[in-house]
Each structure stands twice: as C-alpha cells, then as structure tokens.
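Notes follow once the structure below has been shown.
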There are 2 protein chains.
Amino acid sequence: MARTVTERSDVLPLLAEVFREHGYEGASLSLISKATGLGKGSLYHFFPGGKAEMVEAVLAEIDGWFEANVFRPLRAADDPAAVVAAMFTTVGDYFRSGRRVCLVGALSLSDARDRFAGALRDYFARWVEALAGALIRVGHPPEQAGDVAAEVVGGIQGALVLARALDRPEVFTRIVSGLRERCALGEGGSG
Amino acid sequence: MARTVTERSDVLPLLAEVFREHGYEGASLSLISKATGLGKGSLYHFFPGGKAEMVEAVLAEIDGWFEANVFRPLRAADDPAAVVAAMFTTVGDYFRSGRRVCLVGALSLSDARDRFAGALRDYFARWVEALAGALIRVGHPPEQAGDVAAEVVGGIQGALVLARALDRPEVFTRIVSGLRERCALGEGGSG
DNA sequence: TCAACTAAGTACCGATCGGTACAGAAAAAG
DNA sequence: CTTTTTCTGTACCGATCGGTACTTAGTTGA
C-alpha cells in the first residue's frame, strides 16, 4: 500500500482532464480512480463530498488560473492592445489549439449546469466583463464593447464546439485569429 | 394497456428534448420513458438498438429539418442576402432565442462524440459549406467566405453556450444579430 | 518501541443502469 | 367470430453506479 505523497492539488489536473473528456455523468468513479491512480478511499479522503466536490474543486482551480492568467491581465491598465492579443495566445495554448475541450462550456451545455450554475456564470461573466473593459481602453466604442466581448468569448466557445465536431482543430485556430483581428481593429477593416 | 396510436416519428421530438436537456449519459431510460409516455417495451419496439438508435434517429431528424429549412435554402440561387438573413431568423426561432440547447453541439462536447462522430461532422460541415456558398453570392470574397461561415456557425454555437452559462437568453439574440450584420455587410461597416 | 494519526485498498451497500424476455391487450386481417 | 400482427406493460437480468465502512499500511512524534 504505497503512500504516494499525493496532495489534493496534484490530482486536480488529472481530475479536470477526466471531466473534460467524459463530462460529469460520464466520468464514473472507476474512471476517475483509474485516471488519478487513487482508490475510492483516497478520493473520498480528499473530496468527502464525492463527485460534486471534485468538480467544484476543479472549477475553482480553472477559475483561479483564468483569473491570474487572463482576467487580471485584461483588467490591468498597461498596453490594452497587447494584453488583448496576449489573451488569444494564452487561451489558444490553454485549449491546445482546439484539441482540448472547455470544461466550463461543456458543463454549461450539460444537465449538470444547474448544479454548478454559480461557478459557470461567474467564469463567463468575469471574462466578458474584463474583456469589455480592455476593449474600451483599446478604443472600441463603450456602447459596443460589451457586445463585442460577448461575441468574442462566445466565439471561442463555439470554435471549440465546431473544431471538435468537425475533428479539425485548425478550425479553432482560424476562428480565433479572426476574433483577434476584430478586437485589434475595433470596428470595420478588410479582415 | 392503452394503445396510444404512437408512431415512431411522433416520439422523436420528445426524445430530442430529453437528450437536449440531459445529454446522452444523463438521459436514462426511465427519464426517456417518462418524457415520452412509453414503457421500455414500446421504446425497444421502435428502437431495437436502444439509446444509441434513439439518438441516431433524433440526429437524423434534426439533420433533415436543417437540410430542408436551412441548408437547402442557403444553396438556392435566388436572393442570397435574403436567404442568409432568413437563416438567422430560422435558427433563432429553432433555438428558442437562446433558451434551447443545440443537441448536435452538446453531443460534440460530450464523450458521446466518438459514437456519433459522422452525424455530428456532417451536420456542421454541410452548414458551413452551404453558408459559405451563400456568402460568396452575397458578395463576400471567395477566399474569406469559408472562414466567415465557420465563424458564424461557431458563433451561433458559442452564443448558445454563453447564454446558457450566464442564464441570459438575450445574450444569444444579441450575438446572433451581430453575426447577421457581419454577413450582410460583407466586410467592414460601423457595426 | 509504541500509540496516534493519516493515507489508501477492498469489500460491500442499495439504487439504478441499459437491456431482455415475455405475457397480454388492442388493432388488423381473415 | 378467429387468427395474426402490432404494440405495450411488467418483471427481471447482470453490470455498474455513487457512496460508505472498515481494514491495513505507512508516517509521525514521543
């Protein structure tokens, strides 16, 4: 019975990947156990609340990562154009150029949405809000910035859906680069 | 034992709604039975292949509906601008202004994707292709039409994700109206 | 050395899963 | 009417579900 010095935070990325690949219902405890290398005893030691607590922990970590690497930079005042451009690079890498699913988006479409509604709403609301602020500083008309930001954040999610359905990850990168140009140009432009 | 003169095609919309709300894994046979009013005996009479066949039948019906009401009109030669505009109205209604989930998109993000990969890919591929052709006839540069079409179809999917996560259906309608303007304007414009 | 505590494996729980078998009622055919 | 076919409800199957209880192995501190 090897004690594998595992900490709760060590298994979160593995957990996240299982939920990304199989969703909430599809990620059975046996799958989770296999993916993490932890037996039920260990899993329920770290997450007494079971699957629901596992998902919440994963969502919290994702939220923290985006807060630190995406939302907070967007809210920073310096060089908004560069910060917006960096956002696209960061999320492009995060989603593995379209090969990785967004867990928050996938949960939003599933019947687990109600259970985690708060976390899902928060994630997207803060993203849209932070991006809208940055777009205003870039020079977008304030009355349009909110809509553009929603279009961009939604566009990223839709690009993931489409790329995965078509099984063509490059669809994601192409759509995202189109969104990036829209943000840079403000409005109009030859694309 | 009331024989409820049900035909297979009558239960498809009910089935579709169950899968939309609960996904493939989440839609248990007991839920399906409750939603359709049919016992297991009837369900397996109509769909000997079980859940998988039910989803395939639902996807086929959805595909047929979009083929008739969206894809084929897009391919028609007459008044492409009006046809593209009509597409947005049609899908806006179909998705109940953001209150209804796209089953094809939801399945694409779930672990059931591999099982129905062909149908999912087909649906989106034909949509993008038909829209791209219409955009060219509207006046979009042919070398950009494919990308714009992918951006629009993906944008619709993303709008559904975002509207559902935020629990604000109007987010869907706003994003979709933005996409409509992009299609009408070709490139450029003040938004 | 020896408790005290924590980490982790295992067996098991009731419930539910998807699916099958079958009986029997309703409708159709004769 | 009888026969046949088409439905449909019910009981049941083995498997697996999420979760609990309990035991054991390893670590820690005295």
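In this text the structure is predicted, and so the values were computed from the model without any measurement. By convention in this document, chain letters (A, B, ...) are assigned in the order of the sequence lines, proteins followed by strands, and residues within each chain are numbered from 1.
- As rounded to whole Å, 5 Å separates atom C1' of C/dG18 from atom CG of B/L29.
- No more than 12 heavy atoms of other residues, nucleotides or ligands shown are found within 6.0 angstrom of CD on B/E129.
- Annotation: salt bridge (Lys or Arg N to Asp or Glu O under 4.0 Å) contacts of A/E21 (sequence neighbours excluded): none.
- Atom-to-atom, CE of A/M54 to C1' of D/dG18 comes out at 9 Å; the value is rounded to the nearest Å.
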For nucleotides 12-15 of chain C, give me every protein contact, N/O to N/O, under 3.5 Å, one pair per line with atom names.
none

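- Note: A/F172 and A/F95 have perpendicular aromatic rings, judged against thresholds of 30 and 60 degrees for the angle between ring planes.
- Per the geometry, CD1 belonging to A/I32 stands 16 Å off P belonging to D/dT16, to the nearest Å.
- The side chain of A/S28 places no N or O atom within less than 4.0 Å of a non-bridging phosphate oxygen (OP1 or OP2) of D/dT16.
- When the shell of 6.0 Å around CZ of A/R168 is examined, it contains 12 or fewer heavy atoms from other residues, nucleotides or ligands.
- The nearest whole Å value for the distance from the CG atom in A/L43 to the P atom in C/dT10 is 14 Å.
- In this structure, B/P73 and B/M87 have side chains that are not in contact, with every pair of non-hydrogen atoms separated by 4.5 Å or more.
- At least one side-chain heavy atom of B/C183 sits less than 4.5 Å from a side-chain heavy atom of B/L135.
- Picking from D/dT8, C/dA8, C/dT20 the nucleotide with the shortest atom distance to the side chain of B/Y44 gives C/dT20.
- Looking at heavy atoms from C-beta onward, A/V11 lies in side-chain contact with A/F47 at the 4.5 angstrom threshold.
- With sequence neighbours excluded, no residue forms a salt bridge (Lys or Arg N to Asp or Glu O under 4.0 Å) with A/D111.
- Annotation: proximity of residues 14-27 of chain A to DNA chain C (heavy atom, distance under 4.0 Å) is found for no residue.
- For B/R100, the salt bridge (Lys or Arg N to Asp or Glu O under 4.0 Å) criterion is met by B/E17, not counting sequence neighbours.
- Side-chain atoms of A/R75 do not come within 3.5 Å of backbone N or O of A/A134 as any donor-acceptor pair.
- Applying the 4.0 Å criterion to OP1 and OP2 of C/dT16, one finds that B/S30 has every side-chain N and O outside that range.
- When the side-chain nitrogen and oxygen atoms of B/H45 are compared with OP1 and OP2 of D/dC7, one or more of them lie within a distance under 4.0 Å.
- Remark: C1' of D/dG19 and CZ of A/F46 are 18 Å apart, rounded to the nearest angstrom.
- Residues A/R115 and A/E56 have side chains not in contact (no heavy-atom distance under 4.5 Å, counting atoms from C-beta outward).
- For the helix from C/dT1-D/dA30 to C/dG30-D/dC1, the end axes, each set by the C1' atoms of five terminal pairs, are bent relative to each other by 0° (nearest 10°).
- What separates CG of B/L38 from C1' of D/dT6 is a distance of 14 Å, to the nearest Å.
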With salt bridge (Lys or Arg N to Asp or Glu O under 4.0 Å) as the test, would you mind laying out the steps for A/E151 and B/R174 before giving the verdict? CA-CA 9 Å; A/E151 218 174 300; B/R174 291 182 75 90; over 6 Å; no

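- Listed nucleotides: C/dG19, D/dG18, C/dA7. Nearest to the side chain of A/K51: D/dG18.
- A/L31 places its CG atom 7 Å from the P atom of D/dC17, with the value rounded to the nearest Å.
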